Amino acid sequence: MLLAENISKRYKNSRRTVLEKVNFKLEEGEFCAITGESGSGKSTILAVLAGILRPDSGKVCLDDADLYALSDKDLSYIHQRKIGYVPQANIFLKQYNILDNIVFPYLSGDTKNGQELFERARAHLEILGIGDLWDRYPYELSGGEQKRACLIRALLMKPQIVICDEPTTGLDGKTGKKILTYLDEYRKSGKTILAATHDDHVKACATRVWNI
Amino acid sequence: MSRKKGNNLFKNIASHGFYNACLLATILILSAILFASAVIRQSLNTGMKNMKKRLGSDIMLVPKGAKENAEDLLLEGSRNTFYFDASIYEKVSSIDGIAESTSQIFLKSLSADCCSSEVEIVFFDPETDFVVGPWIEEEYAKTLSGNQVIVGNSITVENGVIRLFGQEYPVVAKMAKTGTALDSSVYFSKETMPDVIAHAEEKGSFLTKEQLEGGIISSVFINLRSEAKLEKVLETVHQTIGDIFDVVYPKQLNTSLAGNLSRITGIVDIITYALGGLLIVLLLLFHSLIMKGRKQEVALLRILGRTRKTLIRELLSEVGVISLSGTIIGCLFSMLIVFPFGTYIGMQFQMPYLGPSFAKALLTMLLIVLFVSAISLLTSILFILHVTHVEPYLALRREE
Ligand SMILES: Nc1ncnc2c1ncn2[C@@H]1O[C@H](COP(=O)(O)OP(=O)(O)OP(=O)(O)O)[C@@H](O)[C@H]1O
Ligand SMILES: [Mg+2]
């Protein structure tokens, strides 16, 4: 369970407070869609909830752990195993191919099961219809293909919560549907999804819609 | 997995290839300069130290007009000949105020069958000598008898003898290296002179009338008693032998040489510090550009769960690999220039120059490799800490 209490955030050098005393609770097994007009702070709250943007005040707790009070090591563990984050922009390590981009970030530290991760990544690329692109470099992929690779990367370690920033924006209906189905399947396996979106298909699929 | 990890390291370096290449070049140049300046400094100092040993007399009397030639001979070993009558030594040596004196004869350099280049042949008097002795590399029984020789450092000795003009001469000692043409001199006892000259003539060497006739000396080296007045002694010499001599002051040459040395090392130091400072600024610049370029990448890895510690370690090892290869290549590169051109460098400075031994050069290299790597890592650490501490979300959104 992810709980945010009294979150306020104003970006440095910005006059506007983007988030003001926001409270939010994400229950296990939910698919929550966050909507709101552009600039309303969807990406910001997702980042705060994902533990990658420190709020000015308030706290975010995963189960009982206050994310912003954890040591770097513990927070890193949460990022690796418990919260998967898919950014709005498709960002890769440009020197690695797609498969390595998905697997390598998890290969240092205590992750020893490299082979298994590679196999799992290949299988998921297959499921999302880009199985033959595994050895291509990020710049060789279309936006939709990149988005799917980012999604697989976020889900590879089977995190209990997946946070997606506009997973279907800018994609054709068919690709969007593939992604949505993939996310919904994942939720049905007992996980929790939080997604910022403008897409009616996503809203329809969600168990709850939160208008920020 | 270790092979893959190594691969990643090079991939990461290659992905920021341009700035990493600039960084490598900067480190390379920095190391090359440090190495060259350290070696040049060492070589000049050793050269000076050895020079000092053979400029051990207060005054040196030479025939009038030969002053410059004699100085060149002392400092650079240039091959010159000048003579006055041998009787002068007897007259001068008994003058009041003189503590010790000895004479030498320089035979113009001759091509000899022992050596690839011409050799300078010097005859000295082992009985009274205090000039050649201190400059000998290892111990020898001071009595140089018969046809025994002492050789300059770069003369090759085979089976303990050298061959000159068809004759074999046993070598009893070797001079310390000077880094000048004196290294290819051969020192005979005075008594051997007629013999050597006869053989040289037999072999068709060109000899002057004076050399053939004998009864000559080239210079008288003198050390004064501590209480003696230089002017007074010279006055007496003048009265005794007349106005036929010039005076060279080896110990003064030594002092002026030491002055030159500190001036030159001063300049070398200034150049080294100035370039070193500039290159360290460049190091800072390239480290900052490299890390700026990696900001998004680092943020992404942190979001995917890589710890700061791991990232810092990975970034440091990338910097380490570049720094280490840069500094090693730089030193080797510097060696290729400094070693073959050592003599030339010495000539340019007009100073005795003695290159370091292989072991010493290696030690210098090791110190520079450690020093430069440490500097490079230290200058990078600030940027590495910065890039691993920015808010991941903010860094992620900003494309550099
Ligand atoms: N790094 C930043 N510095 C300053 N202001 C920022 C920064 N990032 C976002 N903002 C501002 O914060 C507000 C919220 O941004 P955010 O990205 O959360 O919006 P959003 O709801 O995700 O919009 P969109 O639907 O267009 O993605 C915007 O007004 C934006 O201008
Ligand atoms: Mg957004």
Side-chain angles (χ1 to χ4, degrees), chain A residues 9 11-12 43-55 68 71-97 100-115 118 137 150 153-154 156-157 159 163 165, chain B residues 1-21 289-318 321-322 384-400:
Chain A
K9 178 72 192 176
Y11 286 101
K12 234 193 260 173
S43 296
T44 308
I45 186 70
L46 286 190
V48 170
L49 289 167
I52 58 176
L53 180 68
R54 186 178 290 276
Y68 294 98
S71 70
D72 181 65
K73 193 170 164 229
D74 292 341
L75 184 60
S76 293
Y77 184 79
I78 286 179
H79 283 142
Q80 192 183 65
R81 303 297 177 91
K82 298 193 170 173
I83 299 178
Y85 175 78
V86 185
Q88 191 164 353
N90 302 326
I91 295 162
F92 293 95
L93 307 177
K94 58 185 186 303
Q95 66 269 36
Y96 297 119
N97 69 26
D100 289 346
N101 256 288
I102 293 170
V103 178
F104 269 161
Y106 302 113
L107 280 186
S108 73
D110 56 358
T111 316
K112 297 279 189 288
N113 50 346
Q115 198 52 44
F118 277 106
Y137 283 82
C150 286
R153 182 176 63 192
L156 190 69
M157 303 301 286
I163 297 177
D165 200 347
Chain B
M1 239 29 249
S2 63
R3 189 190 64 84
K4 275 246 155 100
K5 261 190 181 157
N7 271 351
N8 290 353
L9 195 139
F10 289 112
K11 262 188 191 162
N12 292 342
I13 290 174
S15 74
H16 299 274
F18 178 70
Y19 289 134
N20 272 312
L289 286 171
I290 289 168
M291 290 310 154
K292 206 172 163 195
R294 310 203 58 166
K295 227 177 190 168
Q296 198 184 48
E297 195 177 317
V298 169
L300 179 64
L301 288 169
R302 283 185 66 204
I303 288 168
L304 296 171
R306 195 152 302 176
T307 62
R308 229 175 235 155
K309 219 166 114 186
T310 311
L311 283 165
I312 290 174
R313 201 183 55 228
E314 287 171 353
L315 291 171
L316 275 177
S317 40
E318 285 173 33
V321 163
I322 299 226
I384 290 181
L385 286 179
H386 172 73
V387 86
T388 50
H389 278 79
V390 287
E391 293 271 11
Y393 177 71
L394 296 179
L396 198 65
R397 285 183 51 139
R398 188 173 302 179
E399 302 233 18
E400 304 280 355

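Just so we're on the same page: letters track the sequence lines, and every chain starts at 1. These numbers come from a predicted model, not from an experiment.
Shown here for Thr44(A) and Tyr393(B), the closest heavy-atom pair between the two residues is N-OH, 4.2 Å. The shortest heavy-atom contact between Asp72(A) and Arg302(B) is OD1-NH2, 4.0 Å. The shortest non-hydrogen separation linking Glu297(B) to Leu93(A) is CG-CD2, 3.0 Å. Across Ile52(A) and Pro392(B), no two heavy atoms sit closer than the pair O-CD, 3.6 Å.
Annotation: maximal heavy-atom pairing with chain B below 4.5 Å, among Lys73(A), Lys94(A), Arg153(A), occurs at Arg153(A).
For Leu304(B), the parts lying under 4.5 angstrom from a heavy atom of chain A are both the backbone and the side chain. For a residue to count as touching a neighbouring chain, one of its non-hydrogen atoms must lie under 4.5 Å from one of that chain's; by this rule Phe92(A) touches chain B with the backbone only. Only the side chain of Leu300(B) comes within contact range of chain A, with at least one heavy atom under 4.5 Å from a heavy atom of that chain.
One distance of note links CZ of Arg308(B) with CG of Leu75(A); it measures 8.5 Å at 0.5 Å rounding. From Ser76(A), atom OG reaches atom NZ of Lys309(B) across 11.0 Å, with rounding to the nearest 0.5 Å. If you take CD on Gln80(A) and OG1 on Thr307(B), they are separated by 9.0 Å, rounding to the nearest 0.5 Å.
The side-chain heavy atoms of Lys11(B) and Asp100(A), taken from C-beta on, include a pair separated by under 4.5 Å.
A donor-acceptor contact shorter than 3.5 Å is absent between the side chain of Gln95(A) and the backbone of Ala14(B).
The local environment of CZ in Phe18(B) is sparse, with at most 12 non-hydrogen atoms from other residues, nucleotides or ligands closer than 6.0 Å.
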